[in-house]
Every structure is written in structure tokens, then in C-alpha cells.
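As C-alpha cells, the structure follows; a few thoughts come after it.
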Amino acid sequence: MNLSKREFLHVLGAASVAGMSLSRYAEADAATAQRGLYDIPRFGNVSFLHMTDCHAQLKPIYFREPSVNLGVGGMKGQWPHRVGEEFLRSAGLRPGTPEAHAFTYLDFERAARRYGRVGGFAHLATLVKQLKASRPGALLLDGGDTWQGSATSLWTRAQDMVDACKLLGVDIMTGHWEFTYGQDRVKELVEKDLAGRIEFVAQNVKTADFGDPVFKPYVLREINGVPCAVIGQAFPYTPIANPRYFVSEWSFGIQDDNLQHIVDEVRAKGAQVVVVLSHNGMDVDLKMAARVRGVDAILGGHTHDGIPVAIPVRNAGGTTLVTNAGSNGKFLGVMDFDVKGGKVVDFRYRLLPVFSNQLVPDPEMEALIQRVRAPYEAQLSEKLAVTDTLLYRRGNFNGTWDQLICDALMEVQGAQIAFSPGFRWGTTLLPGDVITRELMMDQLAITYPYATLTDMRGEMIKTVLEDVADNLFNPDPYYQQGGDMVRVGGLTYTCDPAQKMGQRISDMRLNGKPIEADKTYKVAGWAPVSEEVRNQPGIKPVWEHVEAWLKAQGGRVGPRRLNTPKLVGVQGNPGIAAA
């Protein structure tokens with residue numbers, strides 16, 4: 001793509017203010033709101049619809065956006081590292097509007113009660129059908145993290161999500177958490193269930209022995225007479241962020257040199273539009289866009305950033321647009337290209353919030369959801385407790401759901417400290433909501449759920465915190481290996497994100513007393529990546545401990561006191577609220 005800087009800035013500005021006038025339809029019935037809000041004028045002659053990171057949420061949910069999404073080094077203050085008022089200012093959105101609710105954490109509880117839940121595959125299906133009808137030939141791309149995140153996806157080994165995605169009309173997908181079902185299950189689903197329906201693409205997944213491609217690297221499709229290529233980029237650090245034993249015969253990695261080779265190949269085959277369907281995370285995509293030539297857009301996922309604009313990135317071959325479409329079925333991206341003379345000359349991009357109350361659910365999808373959930377409804381709906389506080393998980397540090405899990409593990413297992421992974425998935429509950437088993441499992445449903453209790457020396461505790469902090473705050477995006485900061489219980493500490501590896505964590509304390517390097521502490525945790533742990537005698541899944549703790553609370557769960565670190569050097573950083 002070779003639009004001038006002036007043209008890009010013009011389109012970028014136009015995209016940022018092209019809101020859906022949601023306030024006009026906040027009180028309208030679903031059919032009226034659907035016609036008014038989602039009647040997006042067609043532009044150009046090639047369109048892609050993009051969803052990512054739905055984490056197996058078939059039903060509408062609440063999901064709070066982060067109040068902390070820090071950027072360091074050259075990423076400070078850049079997209080996606082803006083939150084709250086700074087996010088709204090940069091995107092040209094007004095405070096107090098439904099758009100502000102969709103894209104930020106601001107006044108979350110009040111706005112959630114007013115505007116209702118988001119997402120849900122029945123509502124998403126209606127929107128997809130409407131947009132495909134207005135955009136002949138449009139392809140629906142799924143960026144991955146689709147088969148994991150709910151009790152039913154875990155219990156059916158992803159079958160519920162595969163069936164739902166086929167009905168939704170997904171055309172092409174890539175993956176990340178999909179791989180945690182193991183390579184045999186993934187291949188079974190790709191080669192049988194998806195065959196002839198959904199293409200699974202990943203240019204950066206190869207066999208560990210001979211380096212042969214495991215999946216198709218790309219798909220060539222003609223849209224309204226325009227040859228288009230969609231290249232897959234699976235999460236490059238799967239064997240590090242998740243257990244290696246699930247994919248022991250496969251290798252991953254960023255592999256942007258190979259990506260450049262693939263781009264050149266599809267261009268040589270006549271592709272006039274080249275899109276990368278990525279699960280890198282947005283910072284990695286921005287760096288990749290600057291290094292790889294010939295890509296018109298990277299439609300990204302993994303970091304759950306709902307960004308309402310397409311970011312233009314210059315490279316040696318022109319400019320590449322980088323987008324990220326949020327999570328949990330909350331958004332649907334619409335990328336329209338105008339292709340003339342064999343190249344993209346203009347574009348429009350919108351990230352549409354999926355407000356469930358303002359879309360009529362698709363009856364066929366609704367019936368499928370009811371059917372796949374029916375055998376499990378009694379288990380899913382069992383009441384465990386009522387929350388007196390907002391429960392959420394999203395942000396660089398502890399959320400209230402994370403704190404609840406840490407508190408439960410410490411109390412049930414008799415630990416002094418707890419670690420919980422920096423997962424970004426997990427639905428939100430409002431004060432007064434019932435915590436059902438389903439909503440608890442939304443935070444815990446993985447294939448390596450084992451709860452651990454470990455004797456750990458103080459120096460090792462610091463090493464763990466330093467390692468995870470470097471994954472999160474390394475100034476080179478290619479060294480960011482996924483996830484947010486490990487969540488802690490019992491422990492307090494100070495963090496300076498801008499420091500070097502080994503120097504970010506200080507003043508670790510337990511009950512006000514400094515952690516001693518050579519002293520041993522009992523540390524609870526869960527989701528170990530080591531294969532040996534699952535074979536330990538008496539090992540239990542984390543949900544058994546958390547459910548036992550919830551049932552012991554006398555019916556209600558009170559407010560959580562967050563073990564968030566004291567942050568140093570973040571004043572004025574637009575990636576943290578009120579910094």
C-alpha cells in the first residue's frame with residue numbers, strides 16, 4: 001500500500017470519528033437499534049470481517065477493559081498503551097457515551113447496567129450476516145483463542161466452538177490456545193471438522209524435525225474479481241507460554257524472514273491485497289509491520305486490545321495497517337479496501353462494539369448454543385456464592401478475579417504467598433451477581449489446571465517476578481512472550497517497568513516484613529507448564545480449590561484487597577489511570 005502520509009492521516013482521522021451514534025439507540029428495541037447502529041455503508045470492493053480472542057464465550061457477557069496497559073521505551077503513550085480518558089481523547093470519543101463504555105473501563109458498573117452485555121455468538125451471527133450481505137464476497141477471519149475459555153469448550157474438547165464457528169461462517173482462522181488441546185486433537189479438528197469449511201493457516205508452525213509446514217501458510221481467494229491472500233501467523237511463543245508437551249513435535253517462532261518469503265510468493269501469484277491474520281500481540285505486529293514489505297494490513301489478536309483505528313506503519317515497501325479487535329466476542333472489525341489498478345488505493349476501518357441488547361439474536365445459532373449446552377446446564381448453573389464487588393480480570397496487574405483466586409489458593413492450601421498466571425481472558429461480574437460454576441470456570445478452564453504448593457526461597461520469588469516482568473516490559477516487542485504480570489497474593493513489592501532485566505522488582509514484603517533471599521516460603525500456584533506436575537500424587541485442578549473456598553464464604557464474597565505493586569516511574573504515562 002502506498003498512500004501518502006497526508007492521505008493516511010486523513011483516513012485515520014475519519015476512522016476515529018466514524019462512531020455509530022450509539023446514544024441515539026440506547027433505549028431502542030433490538031431490531032430498530034440493529035438497523036440504525038450497524039448499517040455500515042459499503043466502501044471499496046474488498047472486505048474482511050475480523051474477530052479474535054473470543055475465548056469460547058457463546059453467550060453474551062460483561063467485560064471490563066483495562067485501567068493499566070503500560071507502554072515502555074518507544075511504546076510509551078503509543079497505541080495500544082492508552083487507557084481511560086487518554087484513550088477517549090486519542091480516539092476522538094466522548095466521555096459518558098456507549099462508545100466510551102465499550103472501549104474503556106470508565107464508570108464501568110453504571111454503564112454496564114445501562115447498556116447491557118456484549119458479544120454472544122447468536123448476536124454476532126446476526127451482525128456477520130448483515131455485513132456479509134452488504135459486502136458481497138467478504139471473508140470472516142478468526143484470529144484464534146477461540147476454542148478455549150469456557151467450561152463447555154473444555155468439557156467438549158473444543159467441539160462446541162468448532163460447531164459454532166462453522167455455523168457463524170468463519171472462512172479462515174489461526175491459533176494459540178487452540179494448541180493446548182494437544183497436537184493430535186488440533187490436527188483431528190482441522191483435518192476432519194474444519195475440512196472444506198474453515199481454513200486453518202499458520203506460516204510459522206513447522207515440524208520440529210525437518211521444518212515442514214504443519215498447516216497451510218496462506219489462502220488465496222478472489223473477492224469481486226480481486227485476487228487476495230490471507231497469511232496465518234499463529235502465536236509464536238506457544239511452547240513457552242503454554243506447556244511444551246502439548247506441541248512437542250512442532251516448532252513456532254515469529255519467523256518474519258519466512259513471512260517476507262510468503263508475501264513475495266503470493267504477490268508473485270497475483271495477489272493484489274495481502275493480509276496477515278496474526279496472533280502475535282499488537283506490539284509485535286507493529287514491529288513486524290515495519291520489517292516486512294508488501295502487507296496491506298495485519299489483523300491482530302492476543303493482547304485483547306480493542307483499538308478503534310487502524311495504525312499506519314511505514315516500511316521499505318510502503319505502509320502496512322495494524323489493527324487489533326479486542327476479545328470475548330465484544331467487537332467485530334470491518335476492513336474495507338478500495339482496489340484499483342492492481343493495488344489498494346484507499347481503505348476504511350471500523351471496530352464495531354457488539355451490544356447484545358441492540359442486535360436480534362440469530363435463531364439458528366441460538367438453537368445450536370442451547371443444544372451444545374443442554375447436557376451441562378445443571379453443572380453450569382449451580383450457585384456458588386454472590387459477589388458484593390465488581391469481579392474482573394484485565395490489565396497489567398491484579399484484577400479482583402485474580403485476587404479472589406490467589407486468596408482462595410492461599411487459604412485452602414495453607415500458603416503464605418500465591419501466584420496466578422497473567423491471563424487476560426475471563427468474564428466480568430457486577431456487584432450482586434451470582435457466581436455460578438460457569439462463571440467461575442470462565443476464569444479457570446484450561447487443560448493444565450493443576451494447583452501447586454511449593455517451598456520457594458526468597459531469591460526464587462524475585463527471579464519469578466523479574467522473569468515475568470521482562471516478558472511484559474521488555475522494550476523490544478519480539479522478546480515479549482505473552483501474558484500480563486503474574487498475579488500475587490500475600491506479597492507486596494515495588495516495580496519499575498522501565499528498568500533493565502533483573503532490576504525492575506524491589507522491596508518485596510510479606511505481612512510488612514522484607515522477603516529474605518535465603519528463607520523458604522510456602523507458595524501456592526496453578527497452571528504449571530511442567531509435564532511432571534500433572535503426575536504428582538494427590539494433585540487437584542484449581543477449580544476444586546476455588547469452588548470449595550467460594551462455598552465456604554457463607555453465600556457472599558466481599559471486596560478483595562488487591563496486591564498490586566507500588567509502581568515507580570509511571571507518572572504521566574497514558575497507559576495507567578490517574579498516573
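Because the structure is predicted, anything quoted here is derived from the model rather than measured. Computed over heavy atoms, backbone and side chain alike; hydrogens, waters and symmetry mates excluded.
Judged as a ring-ring contact (aromatic ring centres under 6.0 Å, His included), not a single pair has a partner in residues 396-422 (not counting sequence neighbours). Judged as a side chain to side chain donor-acceptor pair (under 3.5 Å), the pairs with a partner in residues 444-453 (not counting sequence neighbours) are, in order, Asn242-Tyr448. Within the structure, side chain to side chain donor-acceptor pair (under 3.5 Å) pairs that include any residue of residues 513-525 comprise Asp455-Lys522 (at least two apart or interchain). Under the ring-ring contact (aromatic ring centres under 6.0 Å, His included) criterion, the residue pairs touching residues 525-564 are Phe423-Trp526, with sequence neighbours excluded. Here side chain to side chain donor-acceptor pair (under 3.5 Å) pairs that include residues 367-377, with residues two or more places apart or in two chains, are Arg373-Glu377, Arg373-Glu438. Applying the salt bridge (Lys or Arg N to Asp or Glu O under 4.0 Å) test to every pair with at least one member in residues 150-162, sequence neighbours left out, gives no pairs at all.
Residues meeting the side chain to side chain contact (heavy atoms under 4.5 Å, CB included) test with Val214, sequence neighbours left out: Lys187, Val205, Thr207, Trp250. Not a single side-chain hydrogen bond (donor to acceptor under 3.5 Å, both in side chains) links Gln503 to another residue, sequence neighbours left out. Scored by the side-chain hydrogen bond (donor to acceptor under 3.5 Å, both in side chains) test, Asp407 finds Gln403, Arg560 as partners (sequence neighbours excluded). Applying the ring pair (Phe, Tyr, Trp, His ring centres under 6.0 Å) rule to Phe473 yields no partners; only residues at least two apart in sequence or on another chain are considered. Partners of Gln481 according to the side-chain hydrogen bond (donor to acceptor under 3.5 Å, both in side chains) rule, which considers only residues two or more places apart in sequence or in another chain, do not exist here. Under the side-chain hydrogen bond (donor to acceptor under 3.5 Å, both in side chains) criterion, Asn69 pairs with His81, Asp305, not counting sequence neighbours.
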